[in-house]
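Have a look at the structure below before the remarks.
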Number of protein chains: 4
Amino acid sequence: MNVAIIGASGYTGLELIKILINHPTFNISYIANSTGNENVQELHPCLKDVLDVEVSKADAKDVAKVAQLAFLALPHKTSMSFAKELLELGVKVVDLSADYRLELETYEKHYCPHEDKEHIQDSVYGLPEYYKNEIKDSKLIANPGCYPTASLLALLPFIDYIDTDAQIFIDAKSGMSGAGKGLKEVTHFGNLNENCHSYSPFNHRHMPEIEEKVRLIKGAKCQINFVPHLLPVTRGMLVSVFATLKEEIDAKKVLEEAYKDSSFVRIRNNPVDLKSTAGTNFCDIFVETNGKALFINSSIDNLLRGASSQAVVNANIMCGLEEDEGIPKIAYVP
Amino acid sequence: MNVAIIGASGYTGLELIKILINHPTFNISYIANSTGNENVQELHPCLKDVLDVEVSKADAKDVAKVAQLAFLALPHKTSMSFAKELLELGVKVVDLSADYRLELETYEKHYCPHEDKEHIQDSVYGLPEYYKNEIKDSKLIANPGCYPTASLLALLPFIDYIDTDAQIFIDAKSGMSGAGKGLKEVTHFGNLNENCHSYSPFNHRHMPEIEEKVRLIKGAKCQINFVPHLLPVTRGMLVSVFATLKEEIDAKKVLEEAYKDSSFVRIRNNPVDLKSTAGTNFCDIFVETNGKALFINSSIDNLLRGASSQAVVNANIMCGLEEDEGIPKIAYVP
Amino acid sequence: MNVAIIGASGYTGLELIKILINHPTFNISYIANSTGNENVQELHPCLKDVLDVEVSKADAKDVAKVAQLAFLALPHKTSMSFAKELLELGVKVVDLSADYRLELETYEKHYCPHEDKEHIQDSVYGLPEYYKNEIKDSKLIANPGCYPTASLLALLPFIDYIDTDAQIFIDAKSGMSGAGKGLKEVTHFGNLNENCHSYSPFNHRHMPEIEEKVRLIKGAKCQINFVPHLLPVTRGMLVSVFATLKEEIDAKKVLEEAYKDSSFVRIRNNPVDLKSTAGTNFCDIFVETNGKALFINSSIDNLLRGASSQAVVNANIMCGLEEDEGIPKIAYVP
Amino acid sequence: MNVAIIGASGYTGLELIKILINHPTFNISYIANSTGNENVQELHPCLKDVLDVEVSKADAKDVAKVAQLAFLALPHKTSMSFAKELLELGVKVVDLSADYRLELETYEKHYCPHEDKEHIQDSVYGLPEYYKNEIKDSKLIANPGCYPTASLLALLPFIDYIDTDAQIFIDAKSGMSGAGKGLKEVTHFGNLNENCHSYSPFNHRHMPEIEEKVRLIKGAKCQINFVPHLLPVTRGMLVSVFATLKEEIDAKKVLEEAYKDSSFVRIRNNPVDLKSTAGTNFCDIFVETNGKALFINSSIDNLLRGASSQAVVNANIMCGLEEDEGIPKIAYVP
């Protein structure tokens, strides 16, 4: 089955290419970025002698001719206009941007006016552990943000046991690849190396995404106080969710029950780390309590489970394949 | 004035040496470790052509002959028996171990039976912002732990405004030097590089130290839920304190008021980072609120403000010097 | 076809497991280390939910019952006695240690007395670009050292053009995984982070390995002056070969000619880096001249091309498979 | 004595500020960059509560009013026009750029047309071990490049023993701060972290600087084949000089003799590393031979000995102070 990758220049675009090269069913028939006219090996020198394809300037009609499904690794706002075209041409879309992740009102409050009000209401939030059936029948998947993926997988199983009137705090730490490939002060080696700091505390766009999904999935209204940090590593994400229990529980049992059928969530007996999930689609989770105080600790690869490999899992489910087909479970990471 | 450094082999011992070499009043007259019989340049090659002193095998009577004050950078338990001897010989002590930091009962619950019950009751907790007057008259300073230093400086100004019935969470991140110079799995480069993880969540010995000091300094009983992490950096410490306010406040104003006379606490307008305090005795603090949710964010150098430079500040105060005499405020850090 | 991995605890053992899990033809039927009695998931937590196999205490007869080929990732000296047993039981061996890499005399000079003089003379040096035909017919492959792999692939094409009376210098830089998983001062995070240094200059055991292979493959006697360094990264190896040309040449052309049929050597137009080969079996090479001065610059993943993936390439060739079957060409590296 | 710092925004400007804040004789009376109109604490947040000075827009006449000596940490070309003005106004200059380092002809070949032909001929190359007397009487010091400093201190003592007809190779490795504070692909964290590569092999501007100084200081003409690398660390520089001896020598003795009176060169018994010199003005050197093959290994802090602290040493000597007055010899580095 032929698939297209639109937005091949950035980190998530490259990860999509890597996964799809080795995918047993999907075949990359089209790769595009904003300029085109370049071999993919010039764009990504690590692909020399691995993949020999011309990168096109993105064009929806061309995509529709050669692919049944497209992965969009585009910036917010750019994505929705391209997705709209593709959907009207009958191409299935897995969108890695934020454009279809939120309810219209939430989106417009935190991002910008929406330009595809028709399709946003039909999009499915691509967190397979909670939306697998909806994904099967969908033509448009909104791939979750990296922080929401790690935070929701940790938090959702406990919502029923948590005192949602008490504050919920999330202290999240991300490798720098989450900040993208573009040159920025914050990701200059001289600034990040041997350093660590939070950014946008209580004011990050992934905060309303987490709050909304908790409400939609669990029917619970709660205040999520989210503080992201940048770690001096390239990839990986570690999340601490802190909450207050209504009463003491056997927290590990709750977790095991929640994910007993999941292919990609692993319950750990010890605090999780970046290394065990780096290069894979796994989300590792550990939980600890101190009386009614609750600490849920999750780890994902921000570029894979937090973006590209989760996107391919969603595509697998949309296309009736096994969800783990071609999905990385081990990696040659440092 | 002559001073001794006992326990010169570890990280904090070396930092003490570096500070005291350049100190205008204190003169290093004695350096010891557990083996002795070695030049300090062999122990620490960075001191070649800088300091040329024999390292002795630690002996309290020898110390008393040549120094009026001793810094003990010894392991817990070893420290108290050596401190006891020194105090009986009339030598002032700044102890960097945990042996005199806690009330007797708390100590014995979390560490081991105490062997110097006489002096533990007279020791002063060396957090200068809160105990300066007591330090002036003391002969025995218990230098605070690194995590408690960063956590208490962040938390204490807000205790009166916090709902202490609600859970207080601390997500703390430390450079690996806090784990010491000895070879351990956790600080093997292959394990820590490109990694990050928590350890002893809700179960670290610095948790009761923080709880006790909040009670003693502010008269408040509260549950501190403390989760430390290891960062893939050598030095530095970043602390997130999360708490619930009784009502909304102007948090920055509270902070500025609390530290308006402090030489070594800097209030920041943006989230703090490791780099700004690395190599110095500063504690940088930033605060943010989200309604009643409170985030206090502090940064220190775990080996300096969290150990050796704070020890020298305490010695300065004990000896009637300016508290910032010879204390590093800038550093040639990466 | 069933294969065994002996020595599963170290870095190269884990990499062998990862490659073979995904290998289309080889099937892991036996995994052993020196203690046994443990699930492979306890030994390597990243394998949870990926591979569920008991690790045995290594026993040659047990191997012979369940596998036709064994990979030995054992320490020098331990390896030869185990290999001997296996070979006598009819099991093919790919040995990742140094035990069969050298001629007997060279080995005994630089390592220790040899305990398997029978098989050492029949072993084939597993550098596929130069020994492919011999590998096909061999029952015992001596997998090359990491430094010799990167150095020889760079140097060999130029030997005919080099003035071998002039000194040849190699400045090699390796990620710390080459120093192994065991706890050592040199790989303590506090020592290696933000650091870099050479070790064993002109005195490393890979120096005679390079000299011997240059002589055997190219019939040239020359003095190789080898200086290895440790880099503050986990994986990767970068080699600078410096030599003096007899006369000026088109060096890139020589390189392209030498490797025109190679699946795993890529000639680069710019200086090579660690990232482009990390996680793969590729060796990237760049060359530059300054009159008669020659700089050849190669990069490999020290654990893969320098050990485990090259071992599987050798096994592929021994077993009549395509040499790149199941061999990693792209990676989810930072 | 009042001094000015022109070019305060970059890495070397900040290091100058740090050194001069603690200098016992020099007093910073003027700090400038290209924009001015900012407190130095906004430019460098680490200086909060340490130095409270307005940064001016650089103006030579203003400098002449308030300072007798100026340190120029400006880009090449910008520096010479500003230096010219200052010299004409009677202000002594220590120039950290390349503008006065080379003979006119060499400069114009490798940089650009020179705009201050009057003063370039009177400038002194500020390598104190070889030009101390000339520095004493000079009004214009050309502070050496970082690579030439480390390379020349290693190479010069051996020139008389080296076969200068044979090729000399230098494999140099620098922390990224040498590439400056500006945003560049090469110093994006995602590109440099876990990476290492050479750049401009045999084609770096420091190559003619080294060749010229060898000729001027030792009267020897030789081809220096220089290959610089970028290391994934912030500061530090490690140099390997490879050469061929005319005959075997006691190399360590040569080194000890050469630097027996030097305050800032330390001869080491083991290969040097970045950590021992980071944060200081020391140059550590180690030497090893293999018959006639020679390996000289030096380490400096690229921002200090390679720029700012060497500049202050030069200013000390120019002003009749002890050369080590106020110069860092120990550091709170990781």
Side-chain angles (χ1 to χ4, degrees), chain A residues 11 14-15 17-22 24 41-42 44-51 175-177 193-194 232-236 259 262-270 272-284 299 301-305 308-309 324 326 328-334, chain C residues 11 14-15 17-22 24 41-42 44-51 175-177 193-194 232-236 259 262-270 272-284 299 301-305 308-309 324 326 328-334:
Chain A
Y11 286 134
L14 174 58
E15 299 307 292
I17 294 172
K18 291 178 188 171
I19 297 166
L20 293 169
I21 284 174
N22 287 327
Q41 301 187 6
E42 289 157 42
H44 298 297
C46 67
L47 297 178
K48 184 165 154 62
D49 292 7
V50 178
L51 184 69
M176 66 59 59
S177 52
N193 181 42
E194 293 295 291
V233 305
T234 303
R235 60 162 77 208
Y259 295 115
S262 167
S263 317
F264 287 115
V265 175
R266 299 187 293 197
I267 313 308
R268 293 288 190 176
N269 295 320
N270 296 300
V272 299
D273 68 355
L274 300 182
K275 268 190 195 293
S276 299
T277 60
T280 80
N281 190 58
F282 284 116
C283 175
D284 282 8
S299 159
D301 184 309
N302 60 308
L303 291 181
L304 293 181
R305 178 61 185 242
S308 302
S309 67
D324 66 351
K329 294 188 174 180
I330 49 170
Y332 307 102
V333 289
Chain C
Y11 286 132
L14 174 58
E15 298 307 291
I17 294 172
K18 290 179 189 169
I19 297 166
L20 293 168
I21 283 174
N22 287 327
Q41 301 187 5
E42 290 157 41
H44 298 298
C46 66
L47 297 178
K48 184 164 155 65
D49 293 7
V50 178
L51 184 69
M176 64 62 57
S177 52
N193 181 44
E194 293 294 291
V233 305
T234 302
R235 62 162 76 206
Y259 295 116
S262 169
S263 319
F264 288 115
V265 174
R266 298 187 294 198
I267 313 307
R268 294 288 189 176
N269 295 320
N270 295 301
V272 299
D273 68 355
L274 300 183
K275 268 191 196 291
S276 299
T277 60
T280 80
N281 189 59
F282 284 115
C283 175
D284 282 9
S299 159
D301 183 310
N302 61 308
L303 292 180
L304 293 181
R305 178 60 185 242
S308 302
S309 67
D324 66 351
K329 292 187 174 181
I330 49 169
Y332 306 102
V333 291

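Chain letters run A, B, ... following the sequence lines, proteins first and then strands; every chain starts at 1.
- Applying the side chain to side chain contact (heavy atoms under 4.5 Å, CB included) rule to C:S262 yields the partners C:E129, C:Y259, C:V265; only residues at least two apart in sequence or on another chain are considered.
- Contact between A:P328 and C:Y332 at its shortest, heavy atoms only, is CB-CE1, 3.7 Å.
- The side chain to side chain contact (heavy atoms under 4.5 Å, CB included) search around A:S276 returns A:R266, A:R268, A:D273, A:D284, not counting sequence neighbours.
- Only the side chain of C:N22 comes within contact range of chain A, judged by heavy atoms closer than 4.5 Å.
- To the nearest 0.5 Å, the span separating NZ on C:K275 from OG1 on A:T234 amounts to 4.5 Å.
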(request) Decide side-chain contact (heavy atoms from CB on, under 4.5 Å) for A:E194 and C:N193; before the verdict, give the C-alpha distance in whole Å, the side-chain angles of both, and the deciding distance to 0.1 Å. (result) CA-CA 9 Å; A:E194 293 295 291; C:N193 181 44; 2.8 Å; yes
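- For C:F282, the part lying near chain A is the side chain, with the backbone staying farther off; criterion is any non-hydrogen pair under 4.5 Å.
- The OG1 atom of A:T280 sits 10.5 Å away from the CG atom of C:D49 when rounded to the nearest 0.5 Å.
- In this structure, chain C has a heavy atom under 4.5 Å from the backbone of A:I267, while its side chain stays farther away.
- Contact annotation for A:I19: both backbone and side-chain heavy atoms come within less than 4.5 Å of a heavy atom of chain C.
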